[in-house]
Amino acid sequence: MSANDHPDFLVIGHRGARGHAPENTLLALDTGIRLGAHWVEFDVQLHPAGALLVFHDLSLDRTTNGKGRLGDCELGALRRLDAGQGQQIPTLEEALDLIEQRAGANIELKTAEGTGEAVAAVLRQYLDAGWPAERFLVSSFHLPELWEFHQAAPEIPVAVLLGGVPLDWAGCATELQAAAVNISSEFVDPRLVADAKAHGRRVYVYTVNDPAEMRALKALGVDGVFTDYPDRALRV
Ligand code: G3P
Ligand code: MG
């Protein structure tokens with residue numbers, strides 16, 4: 001693992017770099033990388049037709065010119081939608097081919113029911129093609145689905161996503177043998193950070209766009225941030 005994979009303070013472009021380009025598009029991923037993000041984060045959903053799509057919401061309304069639920073829309077029609085600035089909703093494979101190992105890829109599993117296994121099958125092809133497992137980090141709020149992913153691809157690092165402070169602090173990360181705990185900026189508790197780090201886990205915080213907050217988190221021992229503005233974080 002090179003120092004570039006995990007520098008002192010990791011800058012992770014959130015949904016690519018959603019402060020600069022339409023979120024979760026190839027343009028946003030490329031923008032994040034060009035701005036210097038060490039890693040890019042993007043959300044992945046398993047469509048009923050079997051495709052893995054890079055998309056955040058369950059509904060198409062906010063980020064495309066479509067309407068209704070993504071899962072109710074036929075795949076061909078989905079791919080004809082405008083996801084912003086003429087961008088298409090990408091597939092997982094298109095996102096990875098665009099990233100081309102220029103940055104680490106943090107894949108967030110948004111859906112359950114087979115998403116973990118499907119993502120593992122795709123990533124296996126990239127491992128077979130020579131991508132190091134450490135260039136991937138697979139995360140989810142849905143910890144049972146993350147567990148399914150971990151069973152299918154134990155060599156690929158995983159991160160638990162937390163939107164609050166659990167009773168057992170970072171205990172779920174131990175159960176999942178997770179490399180990292182990714183926690184909301186609203187719930188950064190020094191005891192949670194200390195517990196994670198005492199067990200050798202990294203701590204990344206989402207979503208942080210204010211440089212003063214980035215500096216405070218760094219002082220607390222946090223290992224990096226998800227940000228819509230990687231350029232700001234790189235200046236911290
Ligand atoms: O993975 C960090 C962050 O992306 C989690 O929240 O809602 O932006 O996917 P969300
Ligand atoms: Mg996400």
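Start at 1 with the first residue, then count along the sequence. Atoms within each ligand, like the ligands themselves, are counted from 1 in listed order. The figures here come from the full heavy-atom set of this structure, side chains too, leaving out hydrogens, waters and symmetry mates.
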(message) Do Asp57 and Thr63 pair up side chain to side chain, a donor and an acceptor below 3.5 Å, judged on atom types alone?
(response) no

(request) Please work out whether the ring planes of Trp131 and Phe136 are parallel, tilted or perpendicular, with thresholds of 30° and 60°. (result) parallel

(message) Just by distance, no angles: are the side chains of Glu23 and His56 close enough, under 3.5 Å, to form a donor-acceptor pair?
(response) no

(message) Distance check, rounded to the nearest 0.5 Å: Phe9 atom CZ versus Leu217 atom CG?
(response) 6.0 Å

(message) Could you check whether any side-chain N or O of Glu41 sits under 3.5 Å from a backbone N or O of Asn106, counting only pairs where one atom can act as donor and the other as acceptor?
(response) no

(request) Tell me which N, O or S atom of Glu41 sits nearest to the Mg ion (ligand 2). (result) OE2

(request) Determine yes or no for a side-chain-to-main-chain donor-acceptor pair under 3.5 angstrom, with Thr111 supplying the side chain and Leu46 the backbone. (result) yes

(message) What is the name of the N/O/S atom of Asp43 that is nearest to the Mg ion (ligand 2)?
(response) OD1

(message) Can a side-chain donor-acceptor contact be found between Asp43 and Asn24 if the only test is distance below 3.5 angstrom?
(response) yes

(message) Restricting to N, O or S atoms, which atom of Glu108 is closest to the Mg ion (ligand 2)?
(response) OE1

(message) As a test of reading the model: which residues have a non-hydrogen atom less than 4.0 Å away from ligand 1?
(response) His14, Arg15, Glu41, Asp43, His56, Glu108, Lys110, Phe141, Leu161, Tyr206, Phe226

